[in-house]
Every structure is written in structure tokens, then in C-alpha cells.
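Worksheet: one structure, shown below.
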Amino acid sequence: MSRKIEEFKPQNPDEVSFYTCGPTVYDYAHIGNYRAYIFNDILKRTLRFDGFNVLHIMNITDVGHLTSDSDEGEDKIEKSARLESKSAAEIADHYTEAFKSDLKKLNIIEPKIWCKATDHIKEQLDLIKVLEKKGFTYQTSDGIYFDTSKTKDYGKLAKLNLEGQEEGARVEKNPEKKNPSDFALWKFSPKDQKRQMEWESPWGIGFPGWHLECSAMSMKYLGETIDIHTGGIDHVPVHHTNEIAQSEAATGKQFVRFWAHNEFLLMNSGKMAKSEGGFITVEELEKKGFDPIVYRFFNLSSHYRSKLNFTWEALQGAKNSWEKLKGKFLDLGQQNGTPDEAFIEKFKTAINNDLSMPQALVVMWDVFKSNINDFDKRATLLEFDKVFGLGLGNVDEDEVEVPEEIKKLVAERDKARVNKNWEKSDELRKEIEKAGWLLEDTADTSRLRKKD
Ligand code: AMP
Ligand code: ZN
């Protein structure tokens, strides 16, 4: 993608078509996953800031994603249903709701359309029929497969070198596959076991392969060629590669004009992942006293194409900065002036520089340091927040977190002032300032601010 986003031209000048691979709803999403969705949100908000309408859709994977992430193993949703003694639909509904609730807490704007794989079985079957007619499929004992050797440029996104490619070590070898990179479009239900989710098809009862849903739903809602498609970087070599192969084989047209992938959130130097055991949820952040917005703010400190290392200390650092930002913003008062044009231009340059949030944050701190008046500063920052999405406009005094010991000192000092004990009041003020807080006295009380 031209990394100057304002130069981007959608096919329809009035609207950008934008597809995001959504979650597989078999468990709670972790904050690594939310790095991907925060990045999507920043991209969408930037496009809007640049004046585009955005038709954004996101899928919910509620069938077909197998435990191997390939064509073998148990369906992740059915496995959770078995372990939690619930129906597959109950599992999918529960984790979908949890996902949407987390998005809200992270101030991520919902897509215009949500689409579930199980609601689009017909579209997926229709796509397989087209591929079959065009000679891209073959049948094995366990399903219908896509023959990757029939496409002229399989793997172009990842620049995969297919010669000598072996199936991954984690994946059981399937001797019936013609090429290691071939993938299932339709899998037959096992003969010895009844699946909860299965459908009739011209080839036998079964369920769709994981990659198929994104192609089928993207084409249904956004057309055969879409402007932007996003996901985490792990989707490049398999999931997105296969989406391209099957979509372009079916339509003969380019599937996606611009791909954008985010790098991983790391923890203990490895990718944060459910399979690695060590992962953190939004609920856990809250339990440890972190507003989820702090995690959003933490994400702004890095570029989406760089790895980001998660530690609790780093998150605490983001929290301190966020508290400082809220305090400084409140100091500007409640009245809005006019956004400062020069700063807006600088901000636009930063966000359009491949979504450089670190650069945009520098512009934000520069606004505070500048000599424009407080009302205009406030209005300018509220404009920036349309992209940052921190909810600055809703921050109120009570939200600035003050440690308990400081609150106690302030209360003691207020009492000393009421009793006209000026000596004690001065002593306490010094103590409060030493701890990094400034006090402004009003007629009958005092107001606290974090020092720069
Ligand atoms: P999944 O539910 O596993 O399909 O993942 C949902 C999204 O999160 C995908 O776009 C993944 O690429 C992304 N993702 C998974 N783990 C991480 C991570 N540690 N850091 C950033 N993105 C991730
Ligand atoms: Zn997808």
C-alpha cells in the first residue's frame, strides 16, 4: 500500500470497502488479539479523518477453524462446547458478546456489518461450486480441496517459495493432498461421530473450511474486489494467501487492492497466544486496576508494523502518561475554541505517514507546549482524539486517579486551612508537592494537579 494514506484512492470515491478477519469465538480474546483490532480502528478513524466514508465489515468465525489451524484436528468451537458442556451456539454467542463488550471498553468503533460463518453456508457452498466448475477442486476421503498448483501465482502475498515446501511439522501429513499447500474448502463430518454443526452439500454432509468464509462474505457484502483487508501478520502465509487463491480463481479478478497487517504483541519475548498459555485478557487488566483505555494508549506508543513488548511495568508507564494527559487536558478548561490549522496539518502528516501514532503523539504533546490559547488547544486535541479514540472529551475531574495517601494529605490540609493553621497547611502543601502533585487553592477548597 502506498503508505501515504491520504493519497489512497478507493474504487468508489464515496466509500472505502474494508474487511477485517474477526475472532474465532471459542474462548475470550486476549490483548494480543486486541492489538489487531485497535490497529484496525486507528486505520478506520484515519480514513474518516481524511474525509472518506468507510464500509467496514468483520466476520465472526463460529465454525470450521480447526485446532491445528490447518485442515486437521477438532473444530475449536465444538471442542469448547464439549469441554464446557454447552452447545456450539451457546459457546459462540457467549464469546461473541464478550468480544463486543471488550471492543466497547477499548473504544473501538464497531463495524457496520457483522457476519457469522454459520449464517453464510449457502454463499460458501456457491463459491465451492464455482471453483469446482472452473477445475480448481478435487475430492479426497475427508473433503473437497483447493488445488493450489492450478493457480499461476499461489503465495504471492507472502512471496512463498513453494518448491520443496513440506507441510508444517505441526500438521499431520495428509497423503491424499496433491500439494502440501492445498487446503480444505469443505470437510466431511467424521463417520464415527455426529458433529453439532454440519450441513448438506452436493458432496456429502460436512462443514466449510476456515478460509472460505472470508472470501464468500467479503464478496457478498463488498464485491469481488475490495479496497482494504486487514489482519495480524500470522495470517499472511496461510489464511490470507488461501483467501486470495480461492477468490481470484473464482472471479478472475484482483481480490484485495491493499493489505495491511499488524505485528505481534509479545510477552516474555514470544507472541502472546492462547496456545502458549501466557496470555492476558481485558478483564485481567481491569482486575489489576487498569482502565482498558490505558491499554489502547499503550498501543499508540508503537507503530503497528513493529513488535510491541507487553510488561506490566510498561503498562504502568502508559498509565502514568495517560493520567498526566488527562490532567493537562482538564487544566485547559471546558470551553472549546477553534482547532489550530497548523497543528492539524502536522497531525495529518503524522497519521498519514503509515499511521505513525508515535509521531502523532509528539504533535499532541507539542500542542500543550505551544503558545496558542487554552480554548484552541482543547479544540485541537479533541480533533486529534477522533483518531486516537481515547475519549478525551468525556474525561472529568473525578477520573484523574489520585493515590490514597495524597488524598489523605489533601484532606488534612483542607482541615488545617479551615482551622486557619497556616503553618501546618504549608507543611502539608510541601509534602504533597514533593510527591509530584500541585495544589491550587480556591475560596473554600483546593484542586489537585499532577506535576509535569
Ligand atoms: P484469531 O481469533 O486467532 O483468529 O485472532 C484474531 C486476530 O488477532 C488475528 O488478526 C490475529 O492475527 C491477531 N493476533 C493473534 N495473536 C496476536 C498477537 N500476539 N499480537 C497481535 N495480533 C495477534
Ligand atoms: Zn479471514
Side-chain angles (χ1 to χ4, degrees), residues 19 21-22 24 57 59-66 68-78 88 115-157 167 171 174 176-191 195-226 229 235 238-256:
Y19 184 94
C21 288
T24 307
I57 87 166
N59 67 305
I60 296 283
T61 300
D62 57 352
V63 70
H65 195 166
L66 305 185
S68 70
D69 278 344
S70 178
D71 296 321
E72 306 298 324
E74 200 174 348
D75 188 307
K76 290 187 180 191
I77 307 280
E78 295 226 349
C115 44
K116 286 202 298 188
T118 53
D119 285 343
H120 297 80
I121 299 298
K122 184 185 174 304
E123 288 80 355
Q124 295 179 72
L125 288 172
D126 287 346
L127 188 53
I128 304 176
K129 286 180 204 160
V130 173
L131 291 169
E132 183 180 45
K133 216 169 176 179
K134 295 196 169 183
F136 285 99
T137 65
Y138 62 92
Q139 183 160 348
T140 70
S141 58
D142 75 347
I144 304 295
Y145 281 79
F146 183 90
D147 186 345
T148 53
S149 68
K150 292 267 166 74
T151 67
K152 56 180 187 316
D153 48 10
Y154 181 80
K156 62 184 172 183
L157 180 70
E167 267 184 281
V171 183
N174 178 345
E176 292 181 73
K177 277 212 260 179
K178 291 187 182 167
N179 310 287
S181 50
D182 293 356
F183 55 92
L185 297 165
W186 188 257
K187 290 230 36 180
F188 300 137
S189 293
K191 294 196 174 47
R195 280 178 54 94
Q196 289 193 42
M197 299 183 289
E198 55 185 13
W199 295 266
E200 296 280 352
S201 86
W203 313 278
I205 292 180
F207 58 98
W210 170 40
H211 315 298
L212 191 64
E213 61 178 277
C214 289
S215 293
M217 298 194 285
S218 167
M219 285 189 216
K220 171 171 179 168
Y221 294 104
L222 301 173
E224 292 178 340
T225 300
I226 66 171
H229 192 319
H235 283 343
V238 181
H239 183 52
H240 289 167
T241 287
N242 293 347
E243 282 185 30
I244 294 173
Q246 66 201 2
S247 305
E248 298 191 351
T251 66
K253 294 181 188 151
Q254 183 182 20
F255 175 45
V256 172

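In this text, all values refer to a predicted model and were calculated from it rather than measured experimentally. What's counted below: heavy atoms across the whole structure, side chains too, no hydrogens, waters or symmetry copies.
Relative ring orientation between H65 and W210 is described as parallel, the plane-to-plane angle staying below 30° on a 0-90° scale split at 30° and 60°. Using bins of under 30°, 30° to 60° and over 60° for the plane-to-plane angle, the ring pair Y145/Y138 lands in the parallel bin. Ring orientation note: the planes of H211 and F183 are nearly perpendicular, at an angle over 60° on the 30°/60° scale.
To the nearest 0.5 angstrom, T118 atom OG1 is 7.5 Å from M197 atom CE. Atom CG of L222 sits about 4.5 Å away from atom CD1 of I57, to the nearest 0.5 Å. Rounding to the nearest 0.5 Å places CG of L127 at 13.0 Å from NZ of K220. Within the model, atoms CG of N59 and CG of D119 stand 12.0 Å from one another, a figure rounded to the nearest 0.5 Å.
Among K134, K253, K156, the single residue meeting the salt bridge (charged side-chain N to carboxylate O under 4.0 Å, His left out) criterion with E248 is K156. Only one option out of N179, N242, D182 pairs with Y154 in a side chain to side chain donor-acceptor pair (under 3.5 Å); it is N242.
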Exercise for review: Could you check Y221 against E123 for side chain to side chain contact (heavy atoms under 4.5 Å, CB included), going step by step and ending with a plain yes or no?
Suggested key: CA-CA 11 Å; Y221 294 104; E123 288 80 355; 6.0 Å; no
Check your understanding: Going through the distances and angles, do H235 and E243 end up as a side chain to side chain donor-acceptor pair (under 3.5 Å)?
Key -> CA-CA 10 Å; H235 283 343; E243 282 185 30; over 6 Å; no
Practice item. I would like to know whether H229 and C21 meet side chain to side chain contact (heavy atoms under 4.5 Å, CB included); could you show each step before the answer? Key: CA-CA 8 Å; H229 192 319; C21 288; 3.4 Å; yes
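Side chain of W186 to backbone of G204: a donor-acceptor contact under 3.5 angstrom is found.
Considering every non-hydrogen atom in both S218 and Y19, the closest pair reads CB-CD1, 3.7 Å.
By the 4.5 Å heavy-atom criterion applied to side chains, E213 and P208 are not counted as neighbours.
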